[in-house]
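Naming: A, B, ... by sequence-line order, numbering from 1 per chain.
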Amino acid sequence: MNILEELNNEQRAAVEHIEGPVMVLAGAGSGKTRVLTYKVAHLINLGVDPFSILALTFTNKAAREMKKRIITLVDNHDARNVWMGTFHSIFARILRIEAHRLGFPSHFTIYDTDDSRNLMKSVITEQELDTKIYTPAYVLNRISQAKINLVTPTVYNSDPQLLLQDKIAGRPKTGHLYSLYQNRLIKASAMDFDDLLLNMHRLLEEYPDMLYKYQQKFLFILVDEYQDTNYVQYAILKKLAANNENICVVGDDAQSIYAFRGATIQNILNFKSDYLDAFTYKLEQNYRSTKTIVKAANGVIVNNKDQIFKEIWTNNEEGHLIGLLKATTDSEEGALVANAIFENKMNHQLRNDAFTILYRTNAQSRAFEESLRKLNIPYRIYGGLSFYKRKEIKDMLAYYRLVINNRDEEALLRIINYPARGIGKTSCERLALEADRSKTSICEVIERMPDRLFDIPMPTQKKMNDFMVMIKSFSIQLKTRNAYELAREIASAAGILKELHEDKSPEGISRFENIEELLNAIHDFSEQQERLSLTAENLENVPRTLDEFMQEVALLTDADTPDSEDPDHVSLMTIHAAKGLEFPYVYIVGMEENLFPSIQSLNSRADLEEERRLFYVALTRAMKKVTLSYAENRYRWGTLTISEPSRFIDEIDFAAFDIPKKVSFIPEENRFMTSGSDMQGTRDQRHPFRKNFKRILPSSGDDLPAPGDDTDLIQVGMNVEHARFGTGKVISMEGTGPNKKATIYFQNIGQKQLLLKFAKLRIR
DNA sequence: ACCGTATTCAGCGCG
DNA sequence: TGAATACGGT
């Protein structure tokens, strides 16, 4: 059977167009992933060597599922040799092969965000800078932005504009911290996530033979979720594809929801000018949702200015109207939604996994959990602490990391005194200081220890040395021993098994079980015969080793831990986490101004438009029915706040709503002023339920701001003007009501903290 | 080294 | 509010 016959005309055209640059603009639910998988399958069917196909996805999970699908499609196991994975995992594989070019050992460690944060924290404290001003998060964010834009420390520190920005932000040392941070990474033979991209780019940029090699290798390049790629990813693709330009990108600008961490929609918008003979296909038929949902989603997204025009349509039934639930409080919202799910489930004989609750922020999950539990409805929260982020697992992995890479400082500092061996904090700090001074790694400092006199007590030096000897004794066994045996031996030699076994508290027992589970995973791994296609050439009977395991683990996350529980549960997750998924019944909750759209997004149109795209993504997850809910009052950060319904509700045609009787105590004359008429009604007229939310300002008595200033509109990040101090930028705000204070950086006089009720600030 | 209390700070999060 | 960290006393 010809697999192409399973596609519609546009999909098929995109799949069969195999040469030259192709962009597939695929609306939500239009079979985007389908095009990608069928295209790879088609290529293989045409006789293309799977080893020469590079397919990049957004998550490991997507890669795994796609690969599985392709193998069944082509019914040929060779399909597993396609280079399919995330940008990070594919580039990590290549970088391990070519590491020596860039001065790294092939066993370099990949630092996760915790490692990066800890390292940055030490760098900042060692520089004796104020960690309140130089928060690791801020500095790392700056560095990440720099790396994404190919800005190395050297470039950064000679770029007047960047330096000026840091100066204005009151953090002139940021560039210096970048250099120090990067040096520490190199010293530890480590790369952070952004380095995997940046170094891949360097490899292709600085070594023409490498560029040639990988251009020759990857004859066909496919990219999923192109709207969520950033500049360095774009630049790498541009280089790899430069030879024959057989590059096919698939994406939907309307679903770009990761601009906040550097993804840029420009990659899609510029595709045609980057590749002059580019061919564009638009997939506009939605196979997922009802007409009602598609219409609602179109009505929302049309409010964005930055977009490529698409008209999504569907042949599906009209379907249910959109539900709208109004609650008095956040906990009532939880109860309303849980009850609605319960009723729906009972009335229509549905399974729990037909339902999902989507929210803007993780903090909202609690009310829904409680209500679902009361009704005995099984649920699962996605995106919580993943297995590999748990403390005990990270501790154990730190041992393995250190055995593999003795210079891995973050791993060393994490475990040198866990379990407790009497090596205290001060001694560790001195150790780190000495490593920094002598420009070597901590591990080398320890090894030279007895010969030198540090201000570390002799017994402690001895203990440090014993520790390092133990680690190294395992290092030499890495290549010869089976992953599982070695892993278990390290676990017991380190004392972790004993430590956790003795802890009989419920948490201790669960930690012990988690370690066992980790060891089981390693056991399964070492039993598998199949290796990465990368090492397929040396198929001898070498056991699978611990460092191979760790290479796979470094880039795994949440979604990669399969859940063993009953799969029939209601899913709770953030909208971001729901990207790419679909559910019959979707509840989008917390539809309130300042929550969704988020208060932080109200400063710029770009941010607001990203929120709107997020809402678009949420709506288009649904197959059968969407229900929106909001609460009039909500506890946020410990205080009760009054909310009004989200502007996004207004953007859906009022006629699409199924307004429950109990909410519509609406004056008759407003009843029929729906958007069905051409009348340019106010928001209140179009959406009568809003009437109940006549803004009630908290009474602030005498403290009401004088008319003519902008006091209660001021937000972090705004430029403001003060009668005496001139113009400045709001850095942070604290307090509530009349006691609201803002920290403002004034151009002329520097930082000041002002009580808003007195400051009479104007927004500029 | 360890524990209880004070303080701070709250967006979304791939790899 | 509550989790996560910092601090300060034993």
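When the side-chain nitrogen and oxygen atoms of Thr574(A) are compared with OP1 and OP2 of dG13(B), one or more of them lie within a distance under 4.0 Å. Remark: Asn60(A) is in phosphate contact with dG15(B), judged by side-chain N or O atoms under 4.0 Å from OP1 or OP2.
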(Q) Phe368(A) vs Tyr587(A), test: ring-ring contact (aromatic ring centres under 6.0 Å, His included). Steps then yes/no. (A) CA-CA 11 Å; Phe368(A) 303 97; Tyr587(A) 292 80; 9.2 Å; no
Q: Might you work through the side-chain contact (heavy atoms from CB on, under 4.5 Å) test for Leu614(A) and Phe596(A), ending with a clear yes or no?
A: CA-CA 9 Å; Leu614(A) 194 55; Phe596(A) 192 22; 4.2 Å; yes
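The distance between the ring centers of Tyr234(A) and Tyr231(A) falls below 6.0 angstrom.
Across all strands, Arg360(A) comes closer than 4.0 Å to base atoms (heavy-atom distances). Ser598(A) comes within contact range of at least one nucleobase, with a heavy-atom separation under 4.0 Å. Among the protein residues, Thr113(A) comes within range of the nucleic acid bases, having at least one heavy atom under 4.0 Å from a base atom.
You'll find that the side chain of Asn362(A) is closest to dC12(B), out of dG11(B), dC12(B), dG15(B). Counting only heavy atoms from C-beta on, Trp637(A) has its side chain closest to dA10(B) among dG15(B), dA10(B), dC12(B). Side-chain proximity of Phe58(A) to dG13(B), dC14(B), dG15(B): nearest is dC14(B).
In this structure, the CZ atom of Phe91(A) is 19 Å from the P atom of dC14(B), given to the nearest Å. In this entry the distance linking CG of Asp115(A) with P of dG15(B) reads 16 Å, nearest Å. Between Gln145(A) atom CD and dG13(B) atom P there is a gap of 18 Å when expressed in whole angstrom units. Look at CG on Asp192(A): it is 20 Å from P on dG13(B), rounded to the nearest Å. What separates CG of Leu196(A) from P of dC14(B) is a distance of 15 Å, to the nearest Å. With rounding to whole Å, Arg261(A) atom CZ is found 9 Å from dG13(B) atom P. Rounded to an integer number of Å, the gap from Leu197(A) CG to dC14(B) P is 15 Å. Between the P atom of dT1(C) and the OH atom of Tyr635(A) lies a distance of 8 Å, rounded to the nearest Å.
Under the 30°/60° scheme for interplanar angles, the aromatic rings of Phe218(A) and Trp83(A) are found to stand perpendicular.
A cation-pi contact, defined as under 6.0 Å to the ring centre and within 45° of the axis, is absent between Arg612(A) and Tyr616(A). The cationic group of Arg171(A) lies under 6.0 Å from the six-membered ring centre of Tyr138(A) and within 45° of the ring axis, placing it in a cation-pi geometry.
If you check the side chains of Ser89(A) and Thr86(A), you find a donor sitting under 3.5 Å from an acceptor. Tyr181(A) and Ser116(A) form a side-chain donor-acceptor contact under 3.5 Å, judged by distance and modelled atom types alone.
Taking all atoms of both residues into account, the shortest heavy-atom contact from Glu611(A) to Pro597(A) is OE1-CA, 3.4 Å.
With sequence neighbours excluded, no residue satisfies side-chain hydrogen bond (donor to acceptor under 3.5 Å, both in side chains) with Arg511(A). Among residues two or more places apart in sequence or in another chain, the side-chain hydrogen bond (donor to acceptor under 3.5 Å, both in side chains) test is passed with Thr264(A) by none.
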Show the atom names and distances, to 0.1 Å, of all donor-acceptor pairs under 3.5 Å that link a side chain in residues 572-580 of chain A to residues at least two apart or in another chain.
from: Thr574(A); atom 1: OG1; to: Ala577(A); atom 2: N; distance (Å): 3.2
from: His576(A); atom 1: NE2; to: Ile257(A); atom 2: O; distance (Å): 3.2
from: Lys579(A); atom 1: NZ; to: Asp228(A); atom 2: OD2; distance (Å): 2.3

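Within 3.5 Å, no donor on the side chain of Glu610(A) pairs with an acceptor on the base of dG11(B), nor the reverse.
Of the residues in residues 134-143 of chain A, not one places a heavy atom less than 4.0 Å from an atom of DNA chain B. If you check residues 228-235 of chain A against DNA chain B, you find no residue with a heavy atom closer than 4.0 Å.
If you find the closest nucleotide of DNA chain B to Gly424(A) and to Leu614(A), the one lying nearer the 5' end belongs to Gly424(A).
Atom CZ of Arg366(A) has 12 or fewer heavy atoms from other residues, nucleotides or ligands within 6.0 Å.
Between dG13(B) and dA4(C), the distance separating the two P atoms is 16 Å to the nearest Å.
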Q.
Walk along nucleotides 2-9 of chain C from 5' to 3' and tag each nucleotide B, S or - by protein heavy-atom contact under 4.0 Å, base first, then sugar-phosphate.
A. SS-S----
